[in-house]
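Data block below; observations after.
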Amino acid sequence: TVTATVASTTAGVTLDAGDNIALNAGGLVSANTSVTLLAGITADSGDGGSITDGNGATNNIAAASLSATATGGIDIDVQIDTLTLASLTDGATAGTIDINDNGGDLSVVSVTTTAAADEVILTATGALRDGNGAASNVATEFLTLRAGSGIDLDTTSVVGFLTIREASVSGAGSIDISNVAAFTLGDGAGTEIVTANGDITVNGTGDITVNSVSAGGSGALVTLISAG
């Protein structure tokens with residue numbers, strides 16, 4: 001296990017562990033450019049490979065961009081501009097990617113999982129933005145998206161079917177999701193696909209199952225388009 005307390009540089013930072021990376025209390029991994037985290041990837045010790053948050057709501061990472069790859073789970077608080085890569089590589093055991101960005105808008109390039117029942121949770125104080133054009137930004141089975149000022153992402157499933165458990169915008173801003181696969185909006189537990197003041201647009205190449213969708217604000221529209 002690599003335990004990171006404080007690492008700061010004007011260049012890039014790479015932490016490469018054979019098992020776990022623990023970002024502990026009092027620590028901040030800071031770089032002007034990129035931070036790369038590898039847990040159980042290049043030299044797997046057999047003891048697992050998770051990237052964990054050990055300091056509560058305080059940021060673990062401050063950088064322009066982040067790449068994080070693990071065999072287990074990823075759970076960190078960050079202040080970044082671009083999420084270049086977040087990936088779980090263990091196709092046999094379900095895990096979770098949970099990234100909370102406190103830096104405003106977050107550009108999402110690629111977030112991928114490999115096992116059935118894997119989950120991705122992305123949170124941004126600003127907007128969650130598409131960082132790669134028409135390619136998929138997120139590939140998983142269960143997905144939660146929370147933003148302050150808008151969501152614009154392309155998604156797909158690793159098992160043929162995606163459940164978007166929640167997609168919510170707390171301030172002024174719209175939701176625009178394009179999905180390649182059949183998928184479900186909400187998990188039936190309440191109002192899960194919701195804006196406070198903005199339109200909701202969802203495009204899918206497969207069937208769309210709708211549990212609860214609510215667009216807030218005067219004149220706000222809900223548009224669902226299915227090619228299934």
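Residue numbers start at 1 and run along the sequence shown.
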Between the side chain of [X] and the main-chain N/O of [Y], is any donor-acceptor distance below 3.5 Å?
X: T125; Y: G104; result: yes
X: S107; Y: D81; result: no
X: N20; Y: A22; result: no
X: E141; Y: A117; result: yes
X: S136; Y: V138; result: yes
X: T82; Y: T84; result: no
X: D176; Y: D152; result: no
X: S149; Y: G173; result: no

Is [Y] reachable from [X] through a run of hydrophobic residues whose side-chain heavy atoms are each under 4.5 Å from the next?
X: L145; Y: V210; result: yes
X: I208; Y: V222; result: yes
X: V108; Y: I121; result: no
X: L85; Y: V35; result: no
X: L15; Y: I80; result: yes

Using the side chain to side chain contact (heavy atoms under 4.5 Å, CB included) rule, take L143 and F183 through it: C-alpha gap first, then chi angles, then the decisive distance, then the call.
-> CA-CA 11 Å; L143 178 60; F183 65 114; over 6 Å; no

Closest non-hydrogen atom pair between [X] and [Y], with its separation:
X: L83; Y: L106; value: N-CD1, 3.8 Å
X: V109; Y: G131; value: CG2-O, 3.8 Å
X: N211; Y: E192; value: CB-OE1, 4.5 Å
X: A94; Y: A116; value: CB-O, 3.6 Å
X: F161; Y: S157; value: O-OG, 2.8 Å
X: D187; Y: R165; value: OD2-CG, 3.8 Å

[atom1] of [X] to [atom2] of [Y]: how many Å apart, nearest 0.5 Å?
X: D77; Y: T123; atom1: CG; atom2: OG1; value: 9.0 Å
X: T114; Y: L88; atom1: OG1; atom2: CG; value: 6.5 Å
X: N60; Y: I76; atom1: CG; atom2: CD1; value: 6.5 Å
X: I193; Y: S212; atom1: CD1; atom2: OG; value: 8.0 Å
X: I74; Y: T96; atom1: CD1; atom2: OG1; value: 10.5 Å
X: S87; Y: I97; atom1: OG; atom2: CD1; value: 6.5 Å

Looking at side-chain heavy atoms only, is the closest gap between [X] and [Y] below 4.5 Å?
X: N137; Y: V111; value: no
X: L23; Y: N55; value: no
X: V120; Y: T113; value: yes
X: T195; Y: N197; value: no
X: I61; Y: L37; value: yes
X: I164; Y: L185; value: yes
X: I99; Y: V78; value: yes
X: T184; Y: L162; value: no

F142 and D118: side chain to side chain contact (heavy atoms under 4.5 Å, CB included), yes or no, with the steps?
-> CA-CA 6 Å; F142 296 102; D118 277 344; over 6 Å; no

For A196, which residues count as a side chain to side chain contact (heavy atoms under 4.5 Å, CB included) partner, sequence neighbours excluded?
-> none

Stepwise side-chain hydrogen bond (donor to acceptor under 3.5 Å, both in side chains) test for N179 and T155 = CA-CA 5 Å; N179 184 70; T155 62; 2.7 Å; yes

Are the charged groups of D105 and R129 less than 4.0 angstrom apart, N to O?
-> yes

Check ion pair E166-R146 (N to O, under 4.0 angstrom) | yes

Hey, mind stepping through T140 and T112 against side chain to side chain contact (heavy atoms under 4.5 Å, CB included) and telling me if it holds?
-> CA-CA 6 Å; T140 190; T112 62; over 6 Å; no

Side chain to side chain contact (heavy atoms under 4.5 Å, CB included) assessment of T144 paired with L122 = CA-CA 6 Å; T144 294; L122 299 178; over 6 Å; no

